[in-house]
Number of protein chains: 2
Amino acid sequence: MNSDPDDAVFRALADSTRRRVLDLLRERPRTTGELSEQFATSRFAVMKHLQVLVAAGLVLVERRGRERWNRLNPAPIQRIQRRWLRRFDALAASAQLDLKDEIETQAASAKRRRTRA
Amino acid sequence: MNSDPDDAVFRALADSTRRRVLDLLRERPRTTGELSEQFATSRFAVMKHLQVLVAAGLVLVERRGRERWNRLNPAPIQRIQRRWLRRFDALAASAQLDLKDEIETQAASAKRRRTRA
DNA sequence: CCAACAGGTGACTATCGGGTCACATGAACA
DNA sequence: TGTTCATGTGACCCGATAGTCACCTGTTGG
């Protein structure tokens, strides 16, 4: 029901097996069978993961005879970095300071609470 | 089972409601009740989402009297960008070229297949 | 004190997601 | 041609997760 294309990418990245698949495909394209050998789970499970990755646009498929070559498409990862993750970069720069302020505020209010009690 | 701290972050980001919470907290800290008002779902659902975000280290909590102030911690997002997502930046730079090569290869092999059949 | 208020917990339900298997499809090659 | 091989599909199981609700805890402030 969520038609946001970024949502499919985030959900695809949520699984560690799928992230490992992307890491493997980063080196070079691989067939479905070749990928399956790298995992403890069954070939069918890996195929389902590939379906999720294809639906998110993270993997492109080329069929060659009876083989299926899976190729990485890094564009969606770039997209979510541009459209969403980078928003937090500026905040991170001052995070240490913010956190320090926060702890001091917390300690001060805790002291106030103790005093009144 | 999966003790990778990055995994908790990726799973936390997989839900669009949680991403909206982070967007709201990016502006300023907010109480649980204030956050709940922004969503169609119940206060309890939002609280569960906050628990997930806290477990992933994305949200820090400060209690003030009967209020709970939720504050964004951008560090985990920075971490997954550094440790994982940036690996794909270099590939993305040449993605257009790769895709072009791929399509040509595909067309050529399709032609070969047609000829042999 | 005590009533209104903000927040939190535990149990429960429904749905989703990951995993498996039996079986189907379609290409390669002797 | 027919057997072997790589891949794909559908149904099914089960644990995880999002959601709700009844009820509890602790705080505020008259």
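This structure is a prediction, so every number in the text was calculated from the model and none was measured. Throughout, protein chains are lettered first and strands after them, A, B, ... in sequence-line order, and every chain is numbered starting at 1.
- Using a 4.0 Å cut-off between charged side-chain N and carboxylate O, B:Asp23 and B:Arg26 make a salt bridge.
- With sequence neighbours excluded, the residues satisfying side-chain contact (heavy atoms from CB on, under 4.5 Å) with B:Arg28 are B:Arg30, B:Glu34.
- With respect to the salt-bridge test (charged N to carboxylate O, under 4.0 angstrom), the residues B:Arg19 and A:Asp6 do not qualify.
- Proximity of B:Arg63 to the phosphate of C:dG8: a side-chain N or O atom is located under 4.0 Å from OP1 or OP2.
- Closest to the B:Ala45 side chain, of the nucleotides D:dG19, C:dG19, D:dT7, is D:dG19.
- To the nearest angstrom, C1' of C:dC2 lies 13 Å from CZ of B:Arg66.
- Spacing between atom CG of A:Asp15 and atom C1' of C:dG17 amounts to 9 Å, rounded to whole angstrom units.
- Between A:Ser42 and C:dT20 there is a side-chain N or O to OP1 or OP2 distance below 4.0 Å.
- Between B:His49 and the phosphate of D:dT17, there is no side-chain N or O to OP1/OP2 separation shorter than 4.0 Å.
- Contact annotation: A:Thr31 reaches the phosphate of D:dT7 (side-chain N/O to OP1 or OP2, under 4.0 Å).
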Go through B:Leu35 and B:Leu25 one step at a time and tell me if the side-chain contact (heavy atoms from CB on, under 4.5 Å) criterion holds.
CA-CA 9 Å; B:Leu35 283 171; B:Leu25 294 183; 4.1 Å; yes

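- The side chain of B:Arg11 contributes an N or O atom lying less than 4.0 Å from OP1 or OP2 of D:dT17.
- For B:Thr32 and C:dG8, the shortest distance from a side-chain N or O to OP1 or OP2 is below 4.0 Å.
- In this structure, the CD atom of B:Glu62 is 15 Å from the P atom of D:dT27, given to the nearest Å.
- B:Arg18 has a side-chain polar atom (N or O) that falls below the 4.0 Å cut-off from OP1 or OP2 of D:dA18.
- Residue B:Arg64 contributes atom CZ, which lies 14 Å from atom P of C:dG7 at whole-angstrom precision.
- Note: CE (B:Met47) to C1' (D:dT17) measures 16 Å, nearest angstrom.
- Atom pair B:Gln51:CD and D:dA16:P shows a separation of 17 Å (rounding to whole Å applied).
- Look at CG on A:Asp7: it is 14 Å from P on C:dC16, rounded to the nearest Å.
- In this structure, B:Trp69 places its CH2 atom 14 Å from C1' of C:dG7, rounding to the nearest Å.
- For the pair B:Arg43 and B:Val46, nearest-nucleotide mapping onto DNA chain D gives the more 5' position to B:Val46.
- Both B:Lys48 and B:Phe44 lie close to DNA chain D; mapped to their nearest nucleotides by heavy-atom distance, the more 5′-ward contact belongs to B:Lys48.
- Of the side-chain N and O atoms in B:Arg68, none sit less than 4.0 angstrom from OP1 or OP2 of C:dA6.
- Applying the ring pair (Phe, Tyr, Trp, His ring centres under 6.0 Å) test to A:Trp69 and every residue at least two apart in sequence or in another chain returns nothing.
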